[in-house]
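For reference, the structure discussed in these notes is given below.
Keep in mind it's a predicted model, so treat the numbers as computed, not measured.
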Amino acid sequence: MPRVSLTHDNEQVAAVLEEIGDLSDLKGENPFRAVTFRAAARAIRDLREPLRVLMEQKRLSEIPKVGPAIAEAIEQLLTTGTAKRHEELKAQVPPGLLMLLRVPGVGPATARTIHKTLGITTIDELEAAAKTGRLRTLPKFQAKTEENILKAIGSLRQRTGRALVVDARAAAAEMVAWLRERCDPPQMVVAGSVRRWRETIGDVDIVVAADAAGPIMEAFVAAPGVERVIARGDTRSSVVVERGLQLDLRVVPPASYGAALVYFTGSKAHNVHLRGLALKKKLLLNEYGLYRVGEEKDGTPIASRTEEDVYAALGMDWIAPELREDRGEIEAAVAHELPDLVELGDIRGDLHAHTSWSDGRDTVAEMAERARGKGYEYIALTDHSVALGMTKGLTEDRIRARNVEIEAVNRRLAPFRVLIGSETDIRASGKLDYDDRLLGMFEVVTASVHSSFAQARDVMTKRILGAMEHPRVNAISHPTGRLLEKRDAYEVDLEAVIQAAVRTKTRLEVNGGPERLDLSDIAVRRAMEVGAMLVCNSDAHAIEELDQMEYAVATARRGWATKESVQNTMALTELRRHLEGKG
DNA sequence: GCCGTTTTCGGCCCGACTGTTTTCAGTCG
């Protein structure tokens, strides 16, 4: 999974180096050259210093995989914005071939073949060729391959082009910081789907309460990073920033702040339902306040200043933004029966994180110290099992070696506790990647699917259920395997998995990786209905990513999860009792 | 392209899986 880079520069450079790797592959150059460019990109994402500083201090060559050629490209990128090597490759490789790589199952070799023989450079052309059976004329292409490519294109098309919540939050935070610095409005909040923690974001809504809108609008459209101004008005402006993300700013009078917040937080369905409810009470709700019908033009609102006021005036409890999807939260609020949602502060530890022993960036000690710094009582370090060769999965010898390190850290940081964990692969056959003896070496085992995503639904379901039956498997990680805007969930009978979670006391993970959020909020809701237990995890591969717990908890909240339903809200002693018995 | 020596070029985290093949290339993680 790509990590969040330290700075904007670092991320930009990493992205270009990665693209050089792809282009070099497409051109058919020495494949190890591409490997190196990608490795350098990864090393840059792992950096803890800005590239610019390293360049100024002539220390670029200290970065792993950065030699003379890549250092030159980095310098060019940082000083001129482009790299010679990148431009040359772009000129030599037909535009569009890069897009073909986005089709799962199409790699550089396939892309090259279909371009050379059929002249195809776009996904549309590829789809047409597959539909008319022309792909079949190529060597090593049969009906099945054609079918797979069509399926892959189909799911590619279903993607919405929405931003991941992590990217939208970053863009929103940058803008909010800028506006605070320039104008410091008394009240400002990011509303909309960002505030509701939806898993993907269409656009970002920022609501500000101020008497004079002029200065803040001015600052908004002049913010760094604004690529295009769509609209600039007295109460509302819209701009487009990087990657096409749209930011809307609404300025409302301070007296209307609460009502505006309700209105701009949404969801639309929630608002429609609320307004309908208001009408039944002969009230009218708009973005300025709650009024008696007929008085909205010149009357004083019954409520408007805070959200709490507005909900209370409608005879209901305040509703957490994560619940505002019109999925029963309004009825529950009227009946004063809203769930007592789990909160970030309830989390006592993280049960899924990686270290440099497998594919993580940071050491056991660094991960443990950061976890302790977050106020946790424990962290399970769950490095990968052997099947994931690419991730340096742990052999028995390396499990033991890692244990020595963990024990030393535990002595030093007590009473904080590092739990000896494993993220064990569930292989295509359904077999776990470690035998029972090796599994017995771990205090926490989370099992997950990382291969053969295309298995038939019943095969995949059996595969996962089989793992859940195993007495040493405490949890199933990212149970559906989806990558938002990138890869669909695999076919699996999720209802059967949720039922099995209750029966076998296996926990279902809510994975906080912003591209996963898996289980989804919908599935969490179902798990709550049948009484399955969850565990909220960061799946961190670096110390900063421990903060991804926030996304896991938000997703659990969207699924109405309570503290009692999330296992890692337990204190260590209680947790240990559960782990021994399973669960 | 980079690395680490076997100091001047050979090897490059590698295993599982698929779809096409009778032995493997390509993709994925």
*Which residues, if any, of residues 109-132 of chain A bring a heavy atom under 4.0 Å of DNA chain B?*
A:A109, A:T110

*Considering only the C1' atoms, how many Å lie between B:dG11 and B:dT6, rounded to the nearest integer?*
12 Å

*Where does the angle between the aromatic ring planes of A:H352 and A:H478 fall among parallel (under 30°), tilted (30 to 60°) and perpendicular (over 60°)?*
tilted

*asked:* Determine whether a donor-acceptor pair (N or O, by modelled atom type, separation under 3.5 Å) exists between the side chain of A:D518 and the backbone of A:G481.
replied: yes

_Phosphate OP1/OP2 of B:dT18 contacted by A:T145 side-chain N/O (<4.0 Å)_ = no

*When you compare B:dC17 with B:dC12, how far apart are their P atoms, in angstrom units rounded to a whole number?*
23 Å

*asked:* Let's go through A:D25 and A:R38 carefully: what are the C-alpha distance in whole Å and the side-chain angles of both, what is the deciding distance for salt bridge (Lys or Arg N to Asp or Glu O under 4.0 Å) to 0.1 Å, and is it a yes or a no?
replied: CA-CA 11 Å; A:D25 262 345; A:R38 290 197 196 97; 2.8 Å; yes

*Do you know the tightest heavy-atom contact between A:H384 and A:E423?*
CE1-OE1, 3.2 Å

*What integer distance in Å separates A:R38:CZ from B:dT27:P?*
11 Å

*Just how far, in rounded Å, is P of B:dC2 from CZ of A:R42?*
19 Å

_Please report the distance separating the P of B:dT23 from the corresponding atom of B:dC14, rounded so that it comes out in whole Å._
27 Å

_On a heavy-atom basis, which atom in A:S193 and which in A:G202 lie closest, and how many Å separate them?_
OG-N, 4.4 Å

*How do A:K65 and A:V103 order along DNA chain B: which one's closest nucleotide is nearer the 5' end?*
A:K65

*Could you point out which residue of A:E19, A:E72, A:E29 forms a salt bridge (charged side-chain N to carboxylate O under 4.0 Å, His left out) with A:R85?*
A:E29

*Taking every non-hydrogen atom, the tightest pair across A:T506 and A:M468*: OG1-O, 3.1 Å

*Using atom CD1 of A:I63 as one end and atom P of B:dC3 as the other, report the distance to the nearest whole Å.*
11 Å

*Without swapping roles, check the side chain of A:N410 against the backbone of A:V418 for a donor-acceptor pair under 3.5 Å.*
yes

*Would you mind reading off the distance between A:E29 atom CD and B:dG1 atom C1', rounded to a whole angstrom?*
10 Å

*Rounded to the nearest Å, what distance is computed from the NZ atom of residue A:K27 to the C1' atom of nucleotide B:dG1?*
14 Å

*Report which part of the nucleic acid A:N30 touches: base, sugar-phosphate, or nothing (heavy-atom distance under 4.0 Å, all strands).*
base

*Which listed nucleotide (B:dA25, B:dG1, B:dT27) is nearest to the side chain of A:K140?*
B:dA25

*Got A:F141 and A:R136 here, is their nearest side-chain heavy-atom distance under 4.5 Å?*
no

*Check the distance between B:dA16's P and A:Y434's OH and give it to me in whole angstrom.*
13 Å

_Of A:E146 and A:R427, the one whose closest DNA chain B nucleotide lies more 5'_ = A:R427

_Is A:Q142 close enough to B:dT18 that one of its side-chain N or O atoms is under 4.0 Å from OP1 or OP2 there?_
no

*Shortest side-chain distance from A:S452, nucleotide among B:dG1, B:dT18, B:dG19*: B:dT18

*A:P108 side-chain proximity, nearest of B:dG1, B:dT27, B:dG29*: B:dT27

*Distance in angstrom units between A:Y490 OH and B:dA16 C1', rounded*: 16 Å

_Suppose you measure atom C1' in B:dG15 against the same atom in B:dC9; what distance do you get, rounded to whole Å?_
28 Å

_What's the gap between B:dC3 and B:dC13 when it is taken at their C1' atoms, as a whole Å value?_
14 Å

*Output yes when at least one side-chain N/O atom of A:N148 is less than 4.0 Å from OP1 or OP2 of B:dG19, else no.*
yes

*Within less than 4.0 Å of OP1 or OP2 of B:dG1, is there a side-chain N or O belonging to A:R85?*
yes

*Sticking with atom P, work out how far B:dA16 lies from B:dT20, rounded to a whole angstrom.*
22 Å

*Between B:dT18 atom C1' and A:F141 atom CZ, what is the distance in whole Å?*
13 Å

*Determine which nucleotide pairs with B:dT8, using a 3.5 Å limit on both distances of a Watson-Crick or G-U wobble pair.*
none

